[in-house]
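Since we're looking at a predicted model, the values are computed, not measured. The chains referred to below are lettered A, B, ... by the order of the sequence lines, with proteins before strands, and numbering in each begins at 1.
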Number of protein chains: 2
Amino acid sequence: MQQKLTIGMLSKQSDVKVETIRYYERSGLLPIPTRSASGYRYYDGEDVKRLRFIRRGRSLGFGLEEIRSLLQLADQPQQPCHEADQLVQAHLAEVDAKIRDLQAIRNVLEQLAGCQSQTAAHCRLLEALEERVCCSTR
Amino acid sequence: MQQKLTIGMLSKQSDVKVETIRYYERSGLLPIPTRSASGYRYYDGEDVKRLRFIRRGRSLGFGLEEIRSLLQLADQPQQPCHEADQLVQAHLAEVDAKIRDLQAIRNVLEQLAGCQSQTAAHCRLLEALEERVCCSTR
DNA sequence: CTTGACCCTGTAGTCACTACAGGGTTTAGC
DNA sequence: GCTAAACCCTGTAGTGACTACAGGGTCAAG
Ligand SMILES: [Zn+2]
Ligand SMILES: [Zn+2]
Ligand SMILES: [Zn+2]
Ligand SMILES: [Zn+2]
């Protein structure tokens, strides 16, 4: 019952690009696949699952090394999941910090948007970058 | 009145690392500096200003190519600042999009935090990544 | 039998740095 | 005058997570 998927089919089923799949193989995140006589990679349903796992982890912003740990853990259901929970906590904190940084940037950019100057001499952005105290500073 | 700063002094005054200053020079963002007899780079107050300009641009999330345009514009005060204003608008939209993505991630991570499972078999994160419909799905 | 879609390997490019390795120079203290 | 620390130089390679070729081989439809 093992369906033989080529890398292109796996790509479509997992929504991961062909080049990226080969990259994950090189990185050791995917098992070395069987090959056809002519050297084509063959995959099955397990590979689809594993790749979708990776894709979802990536879309939550986990790095490949973190995902490597999570894959290992997923293969050992009776192990404690402490490590996974720690990754979630740490990653949540990271994401929060990034959001705060971006909010701060956003606030500055909003002030700089809608410049009325027309010329560079008193452009809001340029005055800000030059730390020039001038018309746009208020 | 040209103070002669070494790269280390420039680094301190601009809050940009020595290696990064050399990288910016290679990238053409900083003018080629004069040198001492023994080959040490010498900088002056103009370089401090330029480097601080770059640093502030980076801290707002602009890329080096964008900063290159902005530096050029800052050198020609009578030019229209349309391009700078467009960069602000485009960058603001980008930042907003990133914040939205991160908020979405944050919401998912918050659901996954505080896993009570103890074992990997029913860990909230792993169930989510495996797209498994189980206890943590509700 | 040819065309086009697919597959292969290997390498290099992206971005903005960062980290050496392997040297030379300057400065302060003794 | 000597030595050690702190500074400076060039050039190269590494980071993360891909992405983009170049230069080939394979396969299925018409
Ligand atoms: Zn303007
Ligand atoms: Zn002004
Ligand atoms: Zn858990
Ligand atoms: Zn469960």
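Between B:Arg52 and B:Asp15, every side-chain heavy-atom pair lies at or beyond the 4.5 Å cut-off. Here the side chains of B:Pro31 and B:Asp47 are in contact, with some heavy-atom distance below 4.5 Å.
Rounded to whole angstrom, the span from the CD1 atom of A:Ile21 across to the C1' atom of C:dC7 amounts to 12 Å. One atom, CD of A:Glu65, and another, C1' of D:dC18, lie 15 Å apart when rounded to the nearest Å. Atom NZ of A:Lys17 is separated from atom P of D:dC21 by 12 Å (rounded to the nearest Å). In this structure, B:Ile7 atom CD1 and D:dT10 atom C1' are separated by 12 Å, rounded to whole Å. What separates CG of B:Leu51 from C1' of C:dC17 is a distance of 14 Å, to the nearest Å. The CG atom of A:Leu5 sits 15 Å away from the C1' atom of C:dC7 (whole-angstrom rounding). The distance from atom CD1 of A:Ile54 to atom P of D:dC18 is 10 Å, rounded to the nearest whole Å. As a whole-Å value, the separation of A:Lys12 NZ from C:dA5 P is 11 Å.
Distances shorter than 4.0 Å separate none of the side-chain N or O atoms of B:Tyr23 from OP1 or OP2 on C:dC15. For A:Thr20 and D:dT19, the shortest distance from a side-chain N or O to OP1 or OP2 is below 4.0 Å. Put simply, A:Arg58 has a side-chain N or O that comes within less than 4.0 Å of OP1 or OP2 on D:dC18. For A:Ser38 and D:dC27, the shortest distance from a side-chain N or O to OP1 or OP2 is below 4.0 Å. The phosphate of D:dT10 (OP1 or OP2) has a side-chain N or O of B:Arg41 nearer than 4.0 angstrom. Contact between the side-chain N/O atoms of B:Arg55 and the OP1/OP2 oxygens of C:dC17 is not found at any separation under 4.0 Å. Close to C:dC7, at under 4.0 Å from its OP1 or OP2, lies a side-chain N or O of A:Thr6.
Using a 4.0 Å cut-off between charged side-chain N and carboxylate O, B:Glu46 and B:Lys49 make a salt bridge. With respect to the salt-bridge test (charged N to carboxylate O, under 4.0 angstrom), the residues A:Lys98 and B:Asp101 do not qualify.
Each of A:Arg26 and A:Ala37 lies near DNA chain D, and the nucleotide nearest A:Arg26 is the one positioned closer to the 5' end.
Formation of a donor-acceptor pair under 3.5 Å by the B:Arg68 side chain with backbone atoms of B:Ser27 is found in this model.
Relative to the side chain of A:Tyr40, the nucleotides D:dC18, D:dC27, D:dC9 differ in distance, and D:dC27 lies closest. With C:dC17, D:dT19, D:dC9 as the candidates, the nucleotide lying closest to the side chain of B:Arg22 is D:dC9.
Residue B:Tyr24 is in sugar-phosphate contact alone, with no base atom involved, counting any heavy-atom pair closer than 4.0 Å across all strands shown.
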